[in-house]
Amino acid sequence: MEESGSNFIHDIIEADLKEGRVTNIVTRFPPEPNGYLHIGSAKAIWINYTAAKKYGGKFNLRYDDTNPVKEDDEFVRSIEEDLNWLGAVPTGGIFYGSDYFDKCYEFAEKLIMDKKAFVCDLTQEQMSEYRGTLTEPGKDSPYKNRSVEENLDLFRRMKAGEFADGEKTLRAIIDMSSPNMNMRDPVIYRIIHANHHRQGNKWCIYPMYDFAHPIQDALEGITHSLCSIEFENHRPLYDWVIDNIGFEQKPHQYEFARLNMTYTVMSKRYLRKLVETKTVDGWDDPRMPTLCGLRRRGYTPSAIFEFISRSGVSKTYSMADSGFLEYCICEELNETALRRIAIKEPLKVIITNYPEGKTEYFEMPNHPKKPELGTRSLPFGREIYIERSDFEKEQILGFIRLIPGGEVRLMGAYILKCTNVICGADGEVLSLEGTVDLETRNNKPIDGRKVKGTIHWLSLQHCIDTQIREYNHLFNRENVANLLEDDNFNEFINPDSLVIYENCKAEKALEGAKDGERFQFVRSGYFTPDSKYNGVFNRIAPLKSSYKPE
RNA sequence: UGCCGGAUUGUGUAAGGGUAGCACGACAGACUCUGACUCUGUUUGUCUGGGUUCAAAUCCUAGUCCGGCAACCA
């Protein structure tokens, strides 16, 4: 992961460094272990990781696990796996927000003693009423004037488990008339009698994010706490906590725009829904924007970071073109992927002028522009398969493939002429007959005639069976982020987001292709073996085509 | 009718008083035993109105539009 380029966050860091406000940069990635990481998480990782790296600082991973009912070890493991895969090493260490619960508790008591927090008995409904609205100020809780002693006693009894969930909360004393809702005496501790994935039953009171996060940042010596725009309104509260607890070294929060992409959703809520409704084949479905989905699809961490890096960082609401992500993986794979032949919809061709039982071998380059990547030999025989779409019964404007009586180059082999079309009763093409020009092995036709098209082929005797899965946009609308409010997004699901081809043929060299290997299937796209199902190749991305049928 | 942000070509992002640049896309052409890759060229932009200035995307001002905020979620 390179730290090339710059953005407004780097400008801030450079100014802080220059003015001597900070010396050692420390950033952090604070995922809540309540779901799988997605490409938007990768953006947050990249921003934090590269900011620290560029300025010689540290990058922490911190599981933000302050709510026991939502979090799970399963997600801790998946986050770890995804981070490993990305190669985002937490140079500053791995932490858990819940490991700071003792500290949080201590600071909460301090706030009480400083008359900056009180125990409130209001129910959730009541609190909502007291809070006011966006345009009207709230009013003070009737419990706001409890004495320090009473508050301390009550808070300790909350901790001791004397009260039921929701019976009491600890609230910061700030300002019920603040235009910022977050400052209207926000709850900082609530009672939850639940088993915590890491703390077990040690606690029955848990700090809220707004209280815990600045504390965690301060304790870890985070200098720049980078998060997405939605937390912008929380910054005053973040600063309030830091100031009122009295940390000497103050971390500062800065916000950037989260990643949105066309034709997909990024919120955990909707991703979960896609999984739960079985719209997709799990969190790692290759159509999902999750990191495990992208991994299974065949994307590389480098392509993902290239995409994020080149997309830039700003505070402007934006919608990244998912075609650009595809461009980034193709750009990389064009350089690195070995070329192979696979045929999605095979059409048999019998070469009538080629001896029965004869097999000859053609050396095919593994990469057209990189001879150092070697060659493999491809057997050729009297019966071959070609791609059904490379044949047309009639000449079509702009079509430069095989037609009856026409010629086409068999890639790396001879020029083939179609001499006969065998059709079924309904006119469907069953197979072809043809002849090859034996003079054209490694040669252009001697009579100088021009043969424009080149198609790929496979010897019927020597190929293996396989299945190919092509993936397209999950949604049929560019912007689905705003269209899902009514919860029935089924009508926006692209029915062709997964297309399975059952009876495909592939060259022998593809047999036993391993997890994580990526190939270019010539004239088709980039593919990788599926990690879940044997004998299946997933299409990572198609090759571009400038062929536009009229 | 509240508060906080934001607005630069189709998309994303630079330039922060001095020639609006880059990438992707689109279009046109060259090359090609992958209609890929590569190469060449073209196109389109500073939200609007005022103001300051020799000079404004940039500063001021008034609007407009967009995003976020009323969990004991993060």
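Proteins get letters first, then strands, A, B, ... in listed order; numbering begins at 1 in each. Just so you know, these numbers come straight off a predicted model, no measurement behind them.
- Between atom CD1 of residue Ile386(A) and atom CG of residue Leu458(A) there is a gap of 12.0 Å, rounded to the nearest 0.5 Å.
- Residue side chain Tyr209(A) fails the stacking definition with respect to A74(B), as its ring centre and the base's six-membered ring centre are not both under 5.5 angstrom apart and under 30 degrees in plane angle.
- For the atom pair OH of Tyr206(A) and SG of Cys104(A), the computed distance is 12.5 Å after rounding to the nearest 0.5 Å.
- Here the straight-line distance linking atom CZ of Arg258(A) with atom SG of Cys227(A) works out to 10.5 Å at 0.5 Å rounding.
- Annotated stems with RNA chain B as a participant read B:2-7 with B:64-69, B:10-13 with B:21-24, B:26-30 with B:38-42, B:47-51 with B:59-63, given as range with range, by first number; only runs of 3 or more Watson-Crick or G-U pairs under 3.5 Å qualify.
- Residue Arg131(A) is in sugar-phosphate contact alone, with no base atom involved, counting any heavy-atom pair closer than 4.0 Å across all strands shown.
- The nearest heavy atom of RNA chain B to Asn233(A) and to Arg441(A) marks one nucleotide each, and the one closer to the 5' end goes with Arg441(A).
- Nearest nucleotide to the Pro368(A) side chain, out of G68(B), C33(B), A36(B): A36(B).
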Write down the protein N/O and nucleotide N/O pairs, taken from nucleotides 24-31 of chain B, whose separation is under 3.5 Å; answer none if there are no such pairs.
residue, atom, partner, partner atom, Å
C24(B), OP1, Tyr327(A), OH, 2.9

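- At a threshold of 4.0 angstrom between heavy atoms, the contacts of Thr133(A) include nucleobase atoms, whether or not backbone atoms are also involved.
- With a glycosidic angle no more than 90° from 0, A71(B) adopts the syn conformation.
- Counting any heavy atom pair closer than 4.0 Å across all strands shown, Val69(A) reaches no nucleic acid atom.
- In the set G35(B), U34(B), G68(B), G35(B) carries the atom at the smallest distance from any side-chain atom of Ile400(A).
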query: Going through the checks in order, is the side chain to side chain donor-acceptor pair (under 3.5 Å) test met by Tyr385(A) and Glu345(A)?
result: CA-CA 9 Å; Tyr385(A) 286 121; Glu345(A) 296 175 293; over 6 Å; no

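- Within a 6.0 Å radius of NZ in Lys370(A), more than 12 heavy atoms belonging to other residues, nucleotides or ligands are found.
- Within the 3.5 Å criterion, the main-chain N or O of Asn180(A) finds a donor-acceptor partner in the side chain of Ser178(A).
- Looking at heavy-atom distances under 4.0 Å, Leu170(A) makes no contact with the nucleic acid at all.
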Protein-nucleotides 42-48 of chain B N/O pairs closer than 3.5 Å?
none

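- Mapping Tyr189(A) and Ile229(A) onto RNA chain B by nearest heavy atom places Ile229(A) closer to the 5' end of the strand.
- A distance of 11.5 Å separates CG in Leu402(A) from OG in Ser389(A), rounded to the nearest 0.5 Å.
- The shortest distance between side-chain heavy atoms of Leu543(A) and Gln520(A) falls below 4.5 Å.
- To the nearest 0.5 Å, atoms SG (Cys418(A)) and CD (Glu392(A)) are separated by 12.0 Å.
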